[in-house]
Structure formats: C-alpha cells, structure tokens
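Lettering follows sequence order; numbering is per chain, from 1.
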There are 2 protein chains.
Amino acid sequence: MEKTRDQVRMIDVARRAKVGLVTVSRVLNEPGKVAEETRQRVLQAIQEIGYVPNLVAGSLASNRTHVIAAIVPTIGNPVFSETIDAMAQELRGEGYHLLLGNGGHSGREEEGLIAKFLARRPDGLFIHGGRHTPETCAMLRRSGIPIVESGDLRRPEPIDMVVSYSNFAAAEAMTTYLLERNYRRIGFVGRASKENDRSLERQRGFRAAFERLGLEVDPRWILETSLGYREGAEALVALRERTPGLEAVFFAGDVWAAGALYECLRRGWSVPTDIAIAGFDDHAVASQTVPTLTTVRVLRGEIGRRSARLILDRLNGGTVDEPIIDVGFEIIARESA
Amino acid sequence: MEKTRDQVRMIDVARRAKVGLVTVSRVLNEPGKVAEETRQRVLQAIQEIGYVPNLVAGSLASNRTHVIAAIVPTIGNPVFSETIDAMAQELRGEGYHLLLGNGGHSGREEEGLIAKFLARRPDGLFIHGGRHTPETCAMLRRSGIPIVESGDLRRPEPIDMVVSYSNFAAAEAMTTYLLERNYRRIGFVGRASKENDRSLERQRGFRAAFERLGLEVDPRWILETSLGYREGAEALVALRERTPGLEAVFFAGDVWAAGALYECLRRGWSVPTDIAIAGFDDHAVASQTVPTLTTVRVLRGEIGRRSARLILDRLNGGTVDEPIIDVGFEIIARESA
DNA sequence: CTGTTAGCGCGTTCAC
DNA sequence: GTGAACGCGCTAACAG
C-alpha cells in the first residue's frame, strides 16, 4: 500500500502565517492567549490552505481525546436513544464527542466491547445496564476515567457514579397506585428477570407493594416475555385466560401496554371497566391511546444530561459531591387505570 | 493538574515477556507472523499486567483510526437508530467503531459538526440527510475517505456513495395503490417540504401519481406538520374539516397514521369506510393497530448494513463497482386502506 | 505574547 | 522470526 501523507499539517499553516507552530496550536486551543492580529493571520492561513487539525495527534500529545464512550444494551431501542441524544447534545457544547456501542446480551460481549473502547482512551464512559464481569469492573476501575452507570439506582458496588431512577420504587409506586384504586388481582408483564436486573427490580417492586398491604401475589399473575406490541396483546390474553377474575395488568413498558390496549379494542373489552391497564415509560403514544394510558414517567433525557454534566465536571477538575443521582419518576394517571 | 502517566505501555509487556516491543505489536496486529510459543508468552504478560493497547498512538502511527463517523438528523428518532444499530453491528465485526453525532437542522450546524468529526480522522463517514453547504462538500471530498450518503436515492451530485431508497418512488407507489383502490380525494401529511428534501420528494411522488392519471391535486389536501401521534390526529381532523368528501389520507410516517387511527376511534369514524388511512415506514405498531395499517416498508437495517459494507470494502482496498445502492421498498397492504 | 525543546505510544521500515 | 531506529502531528513545559 502506498503511503500518502498529503495531509496539510500545522507547520504548513505556521509557515504561511509566518508564526511558530505553537502559535497555531494556541489559536486553536487557547485563543485568548494569542494577540488578535496574529490570530486573524493564522485563521486566514487555515482557511486558505484548508487545514483540518489532527485530533489524533493532539490526543496522543495531550493525553486527552475529548471522546466519551457510551454503551447501551441496544442502540435501536428508542428508550436509550433519548438518553444518548441528550447526552450528545450536552457534550458537544464542550467539544466532546460520543463513541457509541451496544453491549450485547452477555457479560463476555460487554467485556470485549469495553476493552476495545478503553483502548481508544475515552475521557469518560457512560454505561446503561448490563451485569459486568469482575474483569470488566477491574478494567474500568484501572482506567481511572470518570464513569457513569445507569439503568438502575441500586447498584451493589457502583464502579464510580450512578445516574438513574429506582426501578423498584417506580414499580412499587405504580402497583400501590393500582392497589389504592382497589384493584386486587393484578397481572405483571416484564422481561425475563433472570437476564435483566432492571426487570427483576420492577418485579420486586410489584411484589413489595402487595407485601406492604399483607396481600399475596399469585404466581400466575407474573408473565415474562420480550418487548413488543404483539407480545403485549398476547400477554394480556394469556393472563386473562389463566387467571379468572383478573382486574388489572401492569405492563413494565408502554409498548406492551399499547399492544394490549389494541387487543382490548379487538375483543371489545372495555378499559378500565373490564380490565385496567398500566404502563411504564410515558412513551409518546401513552397520551394518545384509546383510552389514554396510565403510566410511569421517567426523564430519560435528564439521565443523559446529568450523566454528561457529572463526567464533564469531573473532567474539568471539579469534585463531584453527590456521585449517585436519583432523577426520580412520576405516576401519570390517565384513563386506563 | 498533576500529570499521571501511570499507563502500562507496550514496552512494559515486552520486557515482561522478554521480547522486543515490535513482537508485542505483532501479536496484537498480525498474530500469524509470530511463533506460537512467543505469542503465548506475550499474551500472558498482557494479561498479568493488565495492558490495554493505546489505539490513539496506534492510529497516529498507522494513519488509520478504525473509526467510522455517522451523522443523523436526530439520534432520538427510532427510524435512524435502526440503521445505526445495524451499521454498528456490521462494523464491529471488523474492528471498527462508531462516532455518532446529530447534524442539527441547518447546513451550518452540520458543517461545524463535520469539520470537528473530520479532525478525528475517521476512516469513513456515513451521513443521513441534510443539505450540505458547498464548504461541507469540499471538506468531505478533500478528506479522501469513503463516504456514504443516505436519506434519499436522488442526490444531485453524490459526494461519493449513496445507499437509500427513493422517497419519490415509494410515495408515488403508495399513492398509486390508493388511486387503484378508487380513492380520489386523498390527503397528504408530511414534514415541511421547504426544510426537508425527503419530505419534498415524498410530496412530489404523491403529486406524480395523480398526474400520471391526469388527475388534479387540490392544494387543500396537502398538510405539513411536525412528526407525532397527536399531530397525526390533528392533521386528520384539519384535513377533513377543510376538505368535504375526503376519502383517504396518506401519512408520510406511521407515527402520524397511528395517531390518526386513534382519532378515528375517538370520533367513531370507521376505517377505511369513512376514511382510509395509509402510512409510511412499517413501524412495529403498523401490524397491530386497529384496523391494521397499510404502509410502505423500508429496510432501514439493510441501509445500515449495506453502507457499512460499502465503506469496509473500500477500506479493504476493493473497488466498489456500484456506488449507488437502491435498497427498495415494499407496499404492505393491510386493513386501513 | 511568542518560540524552542522534548516527548506522547506505537507502527513501520530495515537489518539481523 | 526478531530487534533497533525513526517518525506520525501535535501539545506541555519552559524560556525569552
């Protein structure tokens, strides 16, 4: 392969502007420390020869990449993209960019990805969910960079910082809401709790609300499935079939709930009279469904913003006094329950 | 700020394994060229001292970052995340990672972002939509890296490669479908066509279908709004109010269509008898709505995969013989129209 | 405010 | 198959 280094370098700009190489560097990184006149000359030279700085070289020299790595379970899930979007926005303001990856579904996959990401020397790292292997934790700690974990507030041993809400508390609150409205036989639909800690927490919250009132949870009320509209519809039917007298279903995701509401329409089940439905996420559709969906609102954009701020503050030398941030949640009472 | 270079470097591994630095480098990059025994020794040393290669330094030396930059209008839009997800998947297989950014809504913003991204020396770039300023195009061309544009097949002057479907053809096909089913007074809901070329193309396709049959499009049938469930509901009502005898509405996005279907439920309008509804995207919800939604399917994951392949092939020295790929579309006929 | 000097950590020649 | 030298393009520290 031929070596083609036809790149315009900083030195070329310097020569053209008749200044030292360092001055060019300063114009780019610390504009305040350069005389206005020279600055203009340098900027013009940059324009004229179409110089594009090489951040790779800069990063090597300064030991700072201005890159934040972000790892989510699946990029495709809109729930995460909202967080990522807000984070990217916040970061860009300070010249940082986002290296994005999906952790996959096993700890091993995640470990591999993180190892490769760390090799790129990001200045910080955000990671949503996932169960980290001991090696992963060790790697992350050794890296020494600010790290924000998200997905759930309750992390046995946070690696560094945490920004999230409590899945347990949110699910418990919604379940309590349903119990207060005198629903007693309540179904619960979530993801496989063995594979997903957040699902487990939501299910635990569901059970806790019953326990507090001294009520029992019938095992038949719990159903685990993968996320989707059709899956929500199927779950509703399955639950009603195996649980005579079911009064309500709490879907730990609005997509399921919306699918279930369609099924009610198809079957002529009246909501909430025949069956009450509650969701989780306050997805954009929740306020539009027929009937409108009672759900739990989580500020996902806020998670992204706060995470970015935490990392940036640390990078800017600030001390983060509160390394665990609870962004909270809110019960949105609408028509369906 | 204190300088803490406590990093484990390649030379440390080399010393521990009692080999030269170059040998370590080879174990990492060209494992085949190292004797099995030495390789094992090196790998073990890497494990023992927890060495994480520094790709920043590697990139500078090799002039290859193994990073692909991806720019989409908004990360939050699920429509794009599907593409990005597939692309990331494909890229990771060959050791590439994704630098993600949203282009914002003006050509200037996009230009700024691209300039900053190029400074990171990505090996390739993917960009969805956007109207590039002349400066942007010049920058991109000068960069010399493989570039894939997406969003619409019809690009006046492609910078390099294009992977997409034709918004024009897709919209024309759906409109023709509706006309063939004997709907004549058809509304069209899309984004602001002045701000978004893809919207303009869809609207053009809509009009073209009428023209081919020698039919007129009443200006009152066209409505532009921002994307959302509620916006879809509102658009439907507005169109019916101002257009007596409206028989169908083609929503250039399933989210609008789904919102409109809810409105029909609320008002007791029967679909497709009172009003037929068609969408665009084949969003996951389309097969579940009541009634199910007739729509246009676009393979967004395919766009991501093909784009990645094109870039990778080029990077691997291959010649890309077909730099403009049409991934096509498909009319999915369901109950709503 | 500006220039000089010394690396950053690794890949890529070459010899051996 | 392995090691020594050199350089990638830029920034940090210091001096002037």
Side-chain angles (χ1 to χ4, degrees), chain A residues 1-42 45-46 49-67 95 118-121 123 143, chain B residues 1-42 45-46 49-66 95 116 118-121 123 143:
Chain A
M1 188 155 356
E2 202 190 340
K3 193 171 182 178
T4 36
R5 298 251 185 218
D6 52 352
Q7 229 182 102
V8 180
R9 288 155 313 163
M10 203 175 250
I11 188 75
D12 302 319
V13 177
R15 282 202 261 266
R16 181 162 191 119
K18 299 199 193 313
V19 295
L21 182 152
V22 193
T23 307
V24 179
S25 171
R26 285 210 187 90
V27 168
L28 263 27
N29 301 315
E30 311 157 287
K33 292 188 176 177
V34 177
E36 180 58 24
E37 194 196 348
T38 18
R39 221 192 57 184
Q40 288 306 331
R41 221 167 57 235
V42 169
I46 289 177
I49 59 180
Y51 169 66
V52 178
N54 186 330
L55 275 187
V56 177
S59 298
L60 181 59
S62 68
N63 204 23
R64 270 196 154 218
T65 54
H66 285 260
V67 163
L118 287 182
R120 296 193 183 278
R121 297 295 188 268
D123 289 341
S143 75
Chain B
M1 194 161 342
E2 202 189 342
K3 191 171 180 178
T4 36
R5 297 253 186 215
D6 52 354
Q7 226 182 104
V8 179
R9 287 156 313 164
M10 202 176 250
I11 188 76
D12 302 319
V13 177
R15 281 201 261 267
R16 181 163 189 119
K18 299 200 193 313
V19 296
L21 181 152
V22 191
T23 307
V24 180
S25 171
R26 286 215 186 86
V27 168
L28 262 29
N29 301 316
E30 311 157 285
K33 291 188 176 177
V34 177
E36 179 58 24
E37 194 196 351
T38 19
R39 221 191 58 186
Q40 287 308 328
R41 222 167 56 234
V42 170
I46 289 178
I49 59 180
Y51 169 66
V52 177
N54 186 330
L55 276 188
V56 178
S59 298
L60 181 60
S62 67
N63 205 22
R64 271 200 156 213
T65 55
H66 286 260
K116 284 184 181 163
L118 287 181
R120 297 193 183 278
R121 297 293 188 270
D123 290 341
S143 75

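- At the phosphate of C:dC8, neither OP1 nor OP2 sits under 4.0 Å from any side-chain N or O atom of A:Ser62.
- Where B:Gly20 and A:Pro53 each meet DNA chain D at their nearest nucleotide, the meeting point lying more 5' is that of B:Gly20.
- Neither OP1 nor OP2 of D:dG9 sits under 4.0 Å from any side-chain N or O of A:Tyr51.
- Out of D:dG7, C:dT2, D:dG9, the shortest distance to the side chain of A:Arg9 is found at D:dG9.
- For CD of B:Glu37, the number of neighbouring non-hydrogen atoms (other residues, nucleotides, ligands) closer than 6.0 Å is 12 at most.
- Taking atom NZ of A:Lys18 as the reference point, atom C1' of C:dT2 lies 17 Å away to the nearest angstrom.
- Interatomic distance, NE2 of A:His66 versus NZ of B:Lys116, reported as 11.0 Å (0.5 Å rounding).
- Summarising the geometry, the separation between CE on B:Met10 and C1' on C:dC10 is reported as 6 Å, rounded to the nearest angstrom.
- Between B:Arg41 atom CZ and D:dT2 atom P the separation is 8 Å, expressed in whole Å.
- Shown are B:Met10, B:Arg15, B:Arg16; of these, the side chain to side chain contact (heavy atoms under 4.5 Å, CB included) with B:Val24 is made only by B:Met10.
- The separation between A:Leu21 atom CG and C:dT4 atom P is 10 Å, rounded to whole Å.
- Put simply, CG on A:Leu21 and CG on A:Asp12 are 9.5 Å apart, with the number rounded to the nearest 0.5 Å.
- With the nearest nucleotide of DNA chain D identified for both B:Ala57 and B:Ala35, B:Ala35 has the one nearer the 5' end.
- Taking only side-chain atoms of A:Val22, from C-beta outward, the nucleotide of C:dG3, D:dG9, D:dT2 with the closest atom is C:dG3.
- In this structure, A:Glu36 places its CD atom 11 Å from P of C:dT2, rounding to the nearest Å.
- One finds no side-chain N or O of A:Ser59 lying less than 4.0 angstrom from the OP1 or OP2 phosphate oxygen of D:dC10.
- The shortest distance between the side-chain N/O atoms of A:Ser25 and the OP1/OP2 oxygens of D:dT11 is below 4.0 Å.
- Rounded to the nearest 0.5 Å, atoms NZ (B:Lys18) and OG1 (B:Thr23) are 14.0 Å apart.
- Looking at A:Arg121, its side chain never comes within 3.5 Å of a backbone N or O of A:Val67 through a donor-acceptor pair.
- Across all strands, A:Val56 comes closer than 4.0 Å to no nucleic acid atom at all (heavy-atom distances).
- Under 4.0 angstrom from either OP1 or OP2 of C:dT2 there lies at least one side-chain N or O belonging to A:Thr38.
- Contact annotation: side chain of A:Arg26 to base of C:dG3, donor-acceptor pair present below 3.5 Å.
- DNA chain C contains the following stems of three or more consecutive Watson-Crick or G-U pairs, with both distances under 3.5 Å: C:1-16 with D:1-16.
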Could you walk me through whether B:Val22 and B:Arg26 pass side chain to side chain contact (heavy atoms under 4.5 Å, CB included), step by step? CA-CA 6 Å; B:Val22 191; B:Arg26 286 215 186 86; 3.8 Å; yes
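- Of the listed nucleotides (C:dG11, C:dG3, D:dG9), C:dG3 has the atom at the smallest distance from the side chain of A:Val19.
- In this structure, the CG atom of A:Leu55 is 18 Å from the P atom of D:dC8, given to the nearest Å.
- Distance from the side chain of A:Asn54 is smallest to D:dC10 among D:dC10, D:dG7, C:dG3.
- Going from atom OG of A:Ser59 over to atom CG of B:Leu55 covers 12.0 Å, rounded to the nearest 0.5 Å.
- Distances shorter than 4.0 Å separate some side-chain N or O of A:Asn29 from OP1 or OP2 on D:dT11.
- Atom-to-atom, CD of A:Glu30 to P of D:dT11 comes out at 9 Å; the value is rounded to the nearest Å.
- Following rounding to the nearest Å, A:Ile11 (CD1) and D:dT11 (C1') show an atom-to-atom distance of 14 Å.
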